[in-house]
Amino acid sequence: MDWLIVALAGLLAGMLNAVAGGGSFITLPALVYVGLPPIVANTTGTAALLPGYLASAWRFRHDIQYPPGLQLRNMVIIAGLGSCMGAALLLLTPSDVFANLIPWLILISTVAFVVGPQLISSKPSSPKSSIISMAIFNGFALLVICIYGGYFNGGLGIILLAALGLMGQSNLLGMNGFKNIVSAVLTLVAVFVYAMGGTLDMKYVGVLGVASVLGGYLGASLAYRVSPNALRGFIVLVGFSMSVVFFIRAAQ
């Protein structure tokens with residue numbers, strides 16, 4: 001039964017990450033349910049979802065839109081640096097402290113996704129100084145998000161989509177393409193740090209990884225057929241539900 005729960009969680013998580021983010025909302029509680037400590041559940045779930053990020057990024061490869069200042073090379077450098085910092089911080093966090101932080105982290109990421117569309121900024125005007133300022137803002141914002149992603153990863157896609165809205169983007173398919181590439185880069189770096197810290201449980205990584213690849217590709221295909229409003233509504237429902245579950249768990 002534990003293996004079935006984990007496999008289903010990986011499939012659903014891969015689909016969620018492909019269409020709008022929030023896959024860790026599924027894998028984290030599933031791994032905690034089958035008995036893993038919170039930090040190990042977080043790092044293991046993050047490692048297993050890496051193939052899903054790669055699969056969905058490939059599916060969206062023709063739709064990727066890069067914000068100003070975040071072309072491929074800059075994005076890789078910033079994402080790698082932020083992820084390394086966040087992963088190292090996680091390894092220094094006591095397990096009980098992290099367990100109490102989980103519901104707040106999920107709630108914050110869900111709220112960010114809700115308010116993101118209302119915070120869409122106008123695209124930079126023609127003056128060069130405005131373009132430079134936008135590039136600096138985008139780079140700093142991505143660094144902070146990737147520190148968060150290396151630390152928790154839960155709701156990472158949601159926060160990335162909200163940030164891309166602030167950067168002036170509105171095409172959900174193009175935003176998803178960029179989101180999945182950033183997620184793949186920072187997750188690859190974070191998993192390396194997690195492995196060095198000995199926090200991965202390899203027993204469940206394989207089944208989660210295979211299921212997330214299938215879910216990631218199916219989810220990316222589904223994104224072309226489902227309205228953006230329906231995707232957003234479903235992710236918000238999942239996010240708030242998981243935050244409530246973990247608040248209840250923390251209170252027990």
Side-chain angles (χ1 to χ4, degrees), residues 17-24 53-54 56-89 105 107-190 220 223-224 227-229 231-232 235-236 239:
N17 280 336
V19 299
S24 294
Y53 285 134
L54 295 173
S56 53
W58 173 257
R59 183 66 176 83
F60 280 111
R61 65 190 183 280
H62 298 305
D63 300 293
I64 297 171
Q65 294 180 353
Y66 292 94
L70 294 180
Q71 296 303 309
L72 183 61
R73 184 182 66 177
N74 292 342
M75 179 274 292
V76 169
I77 294 174
I78 294 172
L81 177 61
S83 176
C84 187
M85 295 169 63
L89 180 61
L105 292 171
L107 180 61
I108 290 171
S109 64
T110 306
V111 171
F113 186 67
V114 171
V115 303
Q118 285 74 44
L119 298 178
I120 293 177
S121 60
S122 59
K123 294 183 179 180
S125 54
S126 56
K128 187 175 180 180
S129 60
S130 177
I131 297 176
I132 294 175
S133 298
M134 179 62 73
I136 293 174
F137 169 81
N138 292 349
F140 178 76
L142 183 64
L143 177 65
V144 172
I145 292 169
C146 290
I147 292 174
Y148 169 87
Y151 183 82
F152 180 50
N153 199 270
L156 172 64
I158 291 174
I159 292 178
L160 276 170
L161 288 177
L164 289 172
L166 288 173
M167 295 175 188
Q169 294 191 306
S170 58
N171 184 328
L172 191 57
L173 294 179
M175 294 162 72
N176 265 318
F178 182 80
K179 167 185 70 66
N180 288 326
I181 287 184
V182 171
S183 298
V185 171
L186 78 85
T187 301
L188 183 64
V189 173
Y224 288 89
S227 70
N229 288 336
L231 293 179
R232 293 182 187 277
I235 295 302
V236 169

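Sequential numbering from 1 along the given sequence is applied to the chain's residues. FYI, side chains are in, hydrogens and waters are out, and symmetry mates aren't considered; it's all heavy atoms of this structure.
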Before you tell me yes or no, could you show the steps for L164 and Q65 under side chain to side chain contact (heavy atoms under 4.5 Å, CB included), namely the whole-Å CA-CA distance, both residues' side-chain angles and the distance that decides it to 0.1 Å? CA-CA 10 Å; L164 289 172; Q65 294 180 353; over 6 Å; no
Do L160 and M175 touch side chain to side chain, with heavy atoms closer than 4.5 Å? no
Check: P68 main-chain N/O paired with N138 side-chain donor or acceptor under 3.5 Å: yes
Y66: ring pair (Phe, Tyr, Trp, His ring centres under 6.0 Å) partners, not counting sequence neighbours: F178
Enter the distance from K179:NZ to I64:CD1 here, rounded to the nearest 0.5 Å.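 Answer for the NZ-CD1 pair, K179 versus I64, is 11.0 Å.
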At what distance, to the nearest 0.5 angstrom, does CZ of F152 lie from CD1 of I108? 10.0 Å
If I compare all heavy atoms of G69 with all of A135, which pair ends up nearest, and what's the gap?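 Minimum heavy-atom separation between G69 and A135: CA-CB, 3.7 Å.
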Heavy-atom pair of closest approach, residues M134 and M167: SD-O, 4.5 Å
Below 3.5 Å, can you tabulate the donor-acceptor pairs from side chains in residues 76-88 to any protein atom, sequence neighbours excluded?
from : atom 1 : to   : atom 2 : distance (Å)
S83  : OG     : L186 : O      : 2.5
S83  : OG     : A190 : N      : 3.2

Out of L142, V144, I136, which residue meets the side chain to side chain contact (heavy atoms under 4.5 Å, CB included) rule with F140? V144
